[in-house]
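Encoded as structure tokens, the structure appears first; notes follow it.
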Amino acid sequence: MESYSLYLHIPFCRSRCSYCDFNTFAGMEYLLNDYSDALCREIEFIADSLDEMIPAHTIYFGGGTPSLLNPKQLDKILNKIHQKFQVSKDLEVTLEANPGTINPSYLNDLHCTGINRLSIGMQSAIPEELRLLGRTHNIDDVINTMKWARQAVIDNLNLDLIFGLPGQSLEAWQHTLELALLLQPEHLSLYSLTVEHGTPMYNWLHRGLLPDIDADLAADMYEWASIRLEAAGYAQYEISNWAKHRGEKLLACHHNLQYWKNRPYLGFGAGAHGYANNMRVAYVLSINEYIDRCFHPASKEFPRSPATNVEEIIDYKNEMAETMMMGLRLTIEGVSSSEFKSRFGKTLLDMYQKEIDELLKWGLLEWIGEGES
């Protein structure tokens, strides 16, 4: 059986950021313990719905603010995964963490639970930008989080940064990235701000309370960052992601690579998604409904869980198209012609001759290595 990735959605926040449209809720931390128990039940339900033990090579706690889970809750969830899944020896276990929500003791306990990668939401080094984004931390919190994580021997650290903010200057963006580089993370994720309908920032922009986002300036920020990060020794392996090498190993996020290669993953938690057996599933958004469903499960077949709310069959043609769409985000690997043929029984040219020729003509696509068969 192909190895899976496991995503656990933790939809709790102390406050919501102005740009966030993820399934998150503020002021509901009193449900964290019940939610952790519900996650364990859902893990057990999905794992037991197959006759064989499912292999897994990555675990990712996303949110929301997963660092609101205490070490005992995290340990309980991870122990359940180890009981129910065939986890790989080089298991990657990532926790998203907001600076200001963790301390040295917490990070030491995290290391003991098996967390070996942190993704830290720095976003900006500029106080005014952090306030605009609704972030509650400051740059000292980021510096301390990095320092404490190193002391706890968690040695694979990512920093998330956002550029293209309303009113942001190129100089301000350069200052943020330079400070991030001083912290020497193994990985950097750089995201151009997307303002989603229904968020506070969307409303501010449409009421004229903020300057319009300058798309050309955002493109300049991206181009400058690409050059600067290459000079600093980071390899860009995906449109928005850069990593260092440790020896010959590129410290890419293997969990996200699972998505970009359109490989199977299982989601757990309120608002999570999964993709397996040519089916995409989404789970109920409400925390209370999620907990209730997990404690009163109805019979479901893999990859569904008691919390499944939406399901969609992905046919053969769409699977190929999604594999192309996601794989072309990978700036080093791209889409392997030989792997595509092995997976689908057809070559890239069998399926996309016209599109490939046109994109090659316009210089929007490169064909490197492998040849054309």
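Residues: numbered from 1 along the sequence shown.
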_Is there a side-chain contact between Ile154 and Leu107 in this structure, where contact means two heavy atoms from C-beta onward sitting under 4.5 Å apart?_
yes

*Which pairs pass ring pair (Phe, Tyr, Trp, His ring centres under 6.0 Å) with one or both residues in residues 106-164, sequence neighbours excluded?*
Phe163-Trp173

*Quick one: closest heavy-atom pair of Gly134 and Ser18, and the distance?*
N-OG, 4.0 Å

*Taking the side chain as every heavy atom from C-beta outward, state whether Thr176 and Met122 have any pair of such atoms under 4.5 Å apart.*
yes

*Go through the steps to decide whether Asn256 and Glu238 satisfy the test side-chain contact (heavy atoms from CB on, under 4.5 Å), and finish with yes or no.*
CA-CA 10 Å; Asn256 285 340; Glu238 193 270 344; over 6 Å; no

*What pairs of residues pass the salt bridge (charged side-chain N to carboxylate O under 4.0 Å, His left out) test when at least one of them lies in residues 294-310, not counting sequence neighbours?*
Arg304-Glu311

*Would you name the heavy atoms of Ala225 and Leu190 that are closest together and state the gap between them?*
CB-CD2, 3.7 Å

*asked:* Under 4.5 Å side-chain heavy-atom separation, chaining through any Ile, Leu, Val, Met, Phe, Trp or Tyr, what else clusters with Leu285? Say none if it is isolated.
replied: none

_Is there a path of hydrophobic side-chain contacts, each under 4.5 Å between heavy atoms of I/L/V/M/F/W/Y residues, joining Val87 to Tyr265?_
no

_By the ring pair (Phe, Tyr, Trp, His ring centres under 6.0 Å) test, which pairs, at least two apart or in different chains, include something from residues 21-73?_
Phe12-Tyr35, Tyr35-Tyr290, Tyr60-His255

*Ignoring hydrogens and angles, tell me if any N or O in the side chain of Ser67 forms a donor-acceptor pair with the backbone of Thr101 under 3.5 Å.*
no

*Would Ser105 and Asn103 count as having a side-chain donor-acceptor pair, cut-off 3.5 Å?*
no

*Counting only N and O atoms by type, is there a donor-acceptor contact under 3.5 Å from the side chain of Glu96 to the main-chain atoms of Gly63?*
yes

*Could I get the full list of side-chain contact (heavy atoms from CB on, under 4.5 Å) partners for Leu209, not counting sequence neighbours?*
Trp204, Arg207

*Using distance alone, with no hydrogens and no angle criterion, decide if Thr199 and Asp21 have a side-chain donor and acceptor under 3.5 Å apart.*
no

_Any donor-acceptor N or O pair under 3.5 Å, side chains Arg14, Thr136_ = no

*In chain order, what residues pass the salt bridge (Lys or Arg N to Asp or Glu O under 4.0 Å) check against Glu322, with sequence neighbours excluded?*
Arg280

*Measuring from Leu130:CG to Cys17:SG, what's the distance to the nearest 0.5 Å?*
10.0 Å

_Verify same cluster id: Tyr7, Phe85 (apolar side-chain graph, 4.5 Å)_ = no

*Contacts of Gln184 that satisfy side-chain contact (heavy atoms from CB on, under 4.5 Å) - sequence neighbours left out*: Lys244

*Any chance you could measure Leu364, atom CG, to Glu355, atom CD, to the nearest 0.5 Å?*
13.5 Å

_Distance check, rounded to the nearest 0.5 Å: Cys40 atom SG versus Ile81 atom CD1?_
8.0 Å

_Basic-acidic side-chain contact under 4.0 Å: Arg343, Glu339_ = no

*Near-ring test Tyr259/His273, centroid separation under 6.0 angstrom*: no

*asked:* Is there a continuous path of hydrophobic side-chain contacts, each under 4.5 Å between heavy atoms, that joins Met324 to Met326?
replied: no

*Look at the side chain of Asp350 and the backbone N and O of Lys346, then say whether any donor-acceptor pair between them is shorter than 3.5 Å.*
no

*Do Thr65 and Asn98 have side-chain N/O donor and acceptor atoms under 3.5 Å apart?*
yes

*Check ion pair Lys361-Glu358 (N to O, under 4.0 angstrom)*: no

*Given a cutoff of under 4.5 Å between side-chain heavy atoms of I, L, V, M, F, W and Y, with clusters grown through shared members, what are the other residues clustered with Val153?*
none

_Glu42 (side chain) donor-acceptor with Ala38 (main chain) under 3.5 angstrom_ = no

*So, does Asn309 use its side chain to make a donor-acceptor pair with the main chain of Ala282 at under 3.5 Å?*
no

*Transitive ILVMFWY cluster of Ile227, excluding itself - 4.5 Å side-chain cut-off*: none

*Salt-bridge present (Asp48, Lys84; N to O < 4.0 Å)*: yes

*Is the closest side-chain heavy-atom distance between Phe295 and Arg41 below 4.5 Å?*
yes

*Evaluate the side-chain proximity of Lys341 to Ser337: yes if any heavy-atom separation is below 4.5 Å, no if none is.*
no

*For the pair Glu366 (side chain) and Ile368 (backbone), establish whether a donor and an acceptor sit closer than 3.5 Å, ignoring hydrogens and angles.*
no

*Evaluate the side-chain proximity of Ile77 to Ile43: yes if any heavy-atom separation is below 4.5 Å, no if none is.*
yes

*Which atom of Gly164 lies closest to which atom of Ile213, heavy atoms considered*: O-CG2, 3.4 Å

*Looking at Asp109 and Lys72, does any basic side-chain N land under 4.0 Å from a carboxylate oxygen?*
no

*Val335 and Trp367: same hydrophobic cluster, using ILVMFWY side-chain contacts below 4.5 Å?*
yes

*Measuring from Leu182:CG to Met146:CE, what's the distance to the nearest 0.5 Å?*
10.5 Å

*Looking at side-chain heavy atoms only, is the closest gap between Ile46 and Phe268 below 4.5 Å?*
yes

*asked:* List the residues meeting side-chain contact (heavy atoms from CB on, under 4.5 Å) with Leu365, not counting sequence neighbours, and say none if there are none.
replied: Leu328, Ile356, Leu359, Leu360

*With no hydrogens and no angle check, is any side-chain donor or acceptor of Thr323 less than 3.5 Å from a backbone partner on Glu319?*
yes

*If every non-hydrogen atom of Tyr237 is compared with every non-hydrogen atom of His187, which pair is closest and at what distance?*
OH-NE2, 2.6 Å

*Which atom names give the shortest non-hydrogen contact between Pro211 and Pro166, and what distance separates them?*
O-CB, 3.3 Å

*Partner set under side-chain contact (heavy atoms from CB on, under 4.5 Å) for Asp140, not counting sequence neighbours*: Asn138, Ile143

*Closest approach of Thr145 and Gly100, non-hydrogen atoms and distance?*
OG1-N, 4.4 Å

*Under a 4.5 Å cut-off applied to non-hydrogen side-chain atoms, are Met279 and Ile314 in contact?*
no

*Is a donor on one side and an acceptor on the other found under 3.5 Å between the side chain of Arg117 and the backbone of Leu95?*
no

*Could you state the interatomic distance from CE (Met221) to CG (Leu161), rounded to the nearest 0.5 Å?*
12.5 Å

*Please check if the side chain of His296 supplies one atom and the backbone of Asp292 the other of a donor-acceptor pair under 3.5 Å.*
yes

*Step by step, work out the side-chain contact (heavy atoms from CB on, under 4.5 Å) result for Leu159 and Val142.*
CA-CA 9 Å; Leu159 290 176; Val142 178; 4.2 Å; yes

_Could you tell me if the side chain of Ser240 sits less than 4.5 Å from the side chain of Arg329, heavy atoms only?_
yes

_Pairs where residues 210-234 contributes a residue and the test side-chain hydrogen bond (donor to acceptor under 3.5 Å, both in side chains) is met, not counting sequence neighbours_ = Glu178-Arg228, Tyr222-Gln236

*Between CG of Leu165 and CG of Leu210, what distance do you get to the nearest 0.5 Å?*
9.5 Å

_Main chain of Gly327, side chain of Asn262: is a donor-acceptor contact present, judged purely on distance under 3.5 Å?_
no

